[in-house]
Amino acid sequence: MSEPLGGLLSAPPSIVAAGVEVFSTALRQQGASVTDVDWRPPGFGSADDLTQLALDPRRAAANRVAVERVLAAGSLLVDVRPAREVLDLPDRMLLHSGPPLTWETASGPMRGALIGACVFEGWATDVADAERILAAGEIALDPCHHHRTVGPMAGVTSPSMWMWCLEDPANGGQAWCNLNEGLGKVLRMGAYNDEVLTRLAWMRDVLGPVLQRAVRSRPEPLDVKAILAQMLQMGDEGHNRNRAGSLMALRELSPSIVGVDAPAQDIADVLRFIGGNEHFYLNLGMPTAKLAMDAARDVPGSSMVTVLSRNGTEFGIQTAGTGDRWFTAPANTPVGLYLGDYGPEDANPDIGDSAIMEAYGVGGFSMAAAPAIVRFVGGTVPDALATTERMYQLTLAENPAMQIPIMGFRGSPTGIDVLQVARTGWLPQINTGMAGRIAGTGQVGAGLVQPPQACFEQALAALAQESRAA
Amino acid sequence: MSDSPVRHVSLRSGVYADSVRLMQVSREIGDRPGVHTVVVAMATPLNLELAAGMGVAPDGEAKPDQLLIALTATDDAELAAAVAAVDAALTARADRGEAQTIPPRTIGAGLDGAPDPTLAIISVPGQYAVAEAADAIAAGRSVLIFSDGVPVEHEVALKRAAHDAGVLVMGPDCGTAIVSGVALGFANVVRRGPVGLVAASGTGAQQVSCLLDAAGVGVSHVLGVGGRDLSEAVGGLATLDALAALDADPATERVLLVSKPPAPSVAARVAEVARGLGVPVRSAALSPEQPDLTAAVEALLGDLGVAVPEWPSRPGTADAVPDGAVLKGFYSGGTLADETMLIAAPALGDIRSNTPLRPELDLGTDLAARGHVVIDFGDDALTVGRAHPMIDPTLRLEAIAGLAAGGEPAVLLLDVVLGHGADPDPAGALVPALRSAGLPTVVALVGTEGDPQGWSRQADALAEAGAAVFASNAAATRYALSLIGDGHE
């Protein structure tokens, strides 16, 4: 620093004050510039743990390393392949969203999706048979996150499903996600009727192969991150609103799709399917965020969140400083608006890996980019701006690639710091779809939700423990 | 519920609202008591399926760019009202909402949003102060920690981090600082000038800066470093950083180091570093050999070639001090209490205290002990759950009344500290208490004419109540000793 003490002695001090108000008043009376902190005791965490982490000499540098990896990560669409090949999935294993679970603890929509996948794969002859083999433990269950994979809502991924294959040119990472089925009665929302199974079969037999050939025929891989950046300037937030992104993805992919040597009817069906699905992009955005968050894994001393995820029963988080360890607690139920006759009593607790978008700083964190979303809870445009303002105080950086026009093109608030969550008492804001709590129902609405505080309490305690041991 | 609900199903072309808006409208209409089912949605295949499931599918072909309004209600009147309500809801102008500002909740967020901040001031409860201070250091900003109750190992960690970051930690428990003329916390309105103070003592710094002001000499900065900085545990970390900063500061020509009695090894190390600086450094650290802040100021004035003035005072009315009177020093400033004990001990012998010169003289909790006693009412143990005595005089006023009631012959010696942050009219509360007590009283009045309370106004009021008033605590102590000495004769 050129001047001693950062120029403290060379001019009247410009002050930021936290605590007793009389000091600020006295300073203002002397004409000093004072910014008051609206300080309050931490929302959770012992003073000892908070102090331990605040004084950990590794923390600032570790968090910088972690968040810079997140910001540097890119996302290129390089292939579309069946999960069986991509993941080397053993037969009779299904991936699901969120932290680990068992059939016994699985919620309605999760069970519905697992049942549907067993029938779809031909492992069960019908629903009852699927329930039987799942209950008997004949089907292995494992979180998507354990396989560099993310899945929206139930996230159930079976060997025959096709997956987007994305690569991060900056960090060399890979991430995968299945293809979005559309809205309403869909497997990811827990529906498994014939309509769902028929669609999945078509996706397996027509959509997947066409997309594979289309993606492979492109001269350059599709820059998926660039689409996300543009979406934020077009009214999307990349989690619950993917309209512009889906159209842009369609625009980018259509020439290659049309160029695929396949029956014209199949090509038309594929284009109609993509064009009719406002959330088509979500399954490209999620692995984009996954690439970035995985790049920040295993940075000792970092208190940054790398995973926010729910399995319909529990919410789970992971941090850069605690590796693959899950911190879980019962998931909250979203608040929002319901389709048709459905109401709050029909909604399942929070479900899906899609909160990876919030971990990456979009979705609820970039609510200001998509004010339409706050209307799910009767909010106003200023509410959307306020939400993003709060999220800046939870995060380590602003992502210069993800600019929010109404915030003066400020970068999205990126890299949730567990310590800042504790100190502000504000929980991350998540935008989400709502699945029906009864297996087979499908989507019942969409809205807003927050993680249970207990996840962050556990993570804070574990980070402090690790810090003491370091 | 009626057995035969009536239904309305219509499709409108050329109307579009997004799905969130339409779900909102549906819910609003669905909340009407007479309404059973509602679908207000664009006629997409998904929504048509939902409507069919609810038994309100439109007849004929529907297109996705048409708006489907499908309702069932208890009777025709309810139905008509509901359809009208749909129209009203679709055309209603949304409440724009009030603009909100989200204030920062942490020092880190505050520094992030403030224009070129240079200093963080923290007065949150001590157990939470470290995280806030660490924010400032991480942001490359100096920090003043007013909070007390910060464990010494955390103080050391913060000061090491600050040193590495090239910034200063003032405190913890730093009550007094002046940076470029701006008083932070408890500080007096003093003129600006060439003397930089590094102070491990708040009231010590106030005494010194006020005396300098009375001599016409100003201060460049007063950098408080916290009362423990010159302890063995902290090792003078902030003192050394503050000395280096003042050495580099063009406004500072001389430095005076003010402290309670320091750890000898730390004092030696600081002295050694100070000798290597360009700026001359004089120590006013208290010790049995150097018990007197006023003398240190006078020596500094000598260094500057400034004549020592007659320090302001007001004569008291105490002429009849009873034989065997003891000294009762009731202080709000810890360093001033130390100075008083160091000056008085050679004349009086042992003086008991809650902050004693030697551990065996500890009063414990017996503030009404007989004999020569000096009490620091600003000590942490006496400020738990209450404000500092410079703001809240209650405890000291009670002690004065108790002393008068106890009947032990005594000379009452008080400090009264003026300036920013202090009681706006300390004499206002003291004068009736002194009149009522009727004890021979001496007051060390630390302040300046420029202070909000005004030195002379306070001095006149206290003198009016019979107290002898001195701007110098050393002079006040010596005067009190002379009264006791007179009593002995």
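Letters A, B, ... are given to chains in the order of the sequence lines, protein chains preceding strands, and every chain is numbered from 1. Only a predicted model underlies this, so the values are computations on that prediction, with no experimental measurement involved.
Contact of B:L46 with chain A is made through the side chain alone, with heavy-atom distances under 4.5 Å. Only the backbone of B:V38 comes within less than 4.5 Å of a heavy atom of chain A; no side-chain atom from C-beta onward does. Of the two parts of A:Q52, neither the backbone nor the side chain holds a non-hydrogen atom closer than 4.5 Å to a non-hydrogen atom of chain B. Looking at A:A386, both its backbone and its side chain come within 4.5 Å of chain B, counting heavy atoms on both sides. With a threshold of 4.5 angstrom between heavy atoms, A:L183 approaches chain B through its backbone and through its side chain. Heavy atoms of A:Y342 lying under 4.5 Å from chain B belong exclusively to its side chain. Both the backbone and the side chain of A:S14 come within less than 4.5 Å of a heavy atom in chain B. The parts of A:L9 that come within reach of chain B are both its backbone and its side chain, each placing non-hydrogen atoms under 4.5 angstrom from that chain. Within the 4.5 angstrom heavy-atom criterion, only backbone atoms of A:D36 (N, CA, C, O) approach chain B.
Atom CD1 of B:I121 sits about 11.5 Å away from atom OG1 of A:T35, to the nearest 0.5 Å. In this structure, OG1 in B:T44 is found 8.5 Å from CD in A:E278, a value given to the nearest 0.5 Å. A distance of 8.0 Å separates CG in A:L385 from CD in B:Q100, rounded to the nearest 0.5 Å. If you take CG on A:L5 and CG on B:D249, they are separated by 9.5 Å, rounding to the nearest 0.5 Å. One finds the CH2 atom of A:W39 at 10.5 Å from the CD1 atom of B:I122 (value rounded to the nearest 0.5 Å). For the atom pair CG of A:D341 and OG of B:S26, the computed distance is 10.0 Å after rounding to the nearest 0.5 Å.
Of the residues considered (A:A11, A:P57, A:S10, A:G182), A:A11 shows the highest number of contacts with chain B, using heavy-atom pairs under 4.5 Å. Top candidate by heavy-atom pairs under 4.5 Å with chain B, chosen from A:I373, A:V381, A:L55, is A:L55. Of the listed residues (A:E389, A:R40, A:R390, A:K185), the one with the most heavy-atom contacts under 4.5 Å to chain B is A:R40. Among B:T252, B:V124, B:T101, B:V39, the residue with the largest count of heavy-atom pairs under 4.5 Å with chain A is B:V124. With chain A as the partner, the residue from B:V143, B:D112, B:V20, B:V130 showing the most heavy-atom pairs under 4.5 Å is B:V20.
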- request: Just do the side chain to side chain contact (heavy atoms under 4.5 Å, CB included) check on A:L8 and B:L119 with the steps written out, would you?
  value: CA-CA 7 Å; A:L8 174 67; B:L119 180 68; 3.8 Å; yes
query: What's the verdict on side chain to side chain contact (heavy atoms under 4.5 Å, CB included) for B:H420 and A:Q30, showing C-alpha distance, side-chain angles and the deciding distance?
result: CA-CA 10 Å; B:H420 289 293; A:Q30 297 176 70; 3.6 Å; yes
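The backbone N or O of A:V20 sits less than 3.5 Å from a side-chain atom of B:S123, completing a donor-acceptor pair. In terms of modelled atom types and a separation under 3.5 Å, the side chain of B:T106 and the main chain of A:Q393 share no donor-acceptor contact. In terms of modelled atom types and a separation under 3.5 Å, the side chain of B:R27 and the main chain of A:G336 share a donor-acceptor contact.
Heavy-atom minimum distance, A:R243 versus B:S19: NH2-OG, 3.4 Å. The shortest non-hydrogen separation linking B:V182 to A:P12 is CG2-CB, 4.1 Å.
With sequence neighbours left out, the side-chain hydrogen bond (donor to acceptor under 3.5 Å, both in side chains) criterion links A:R423 to B:E132, B:D135.
Interface residues of residues 144-160 of chain B toward chain A, defined by a heavy-atom distance below 4.5 Å and sorted by number: B:F146, B:H154, B:A157, B:L158.
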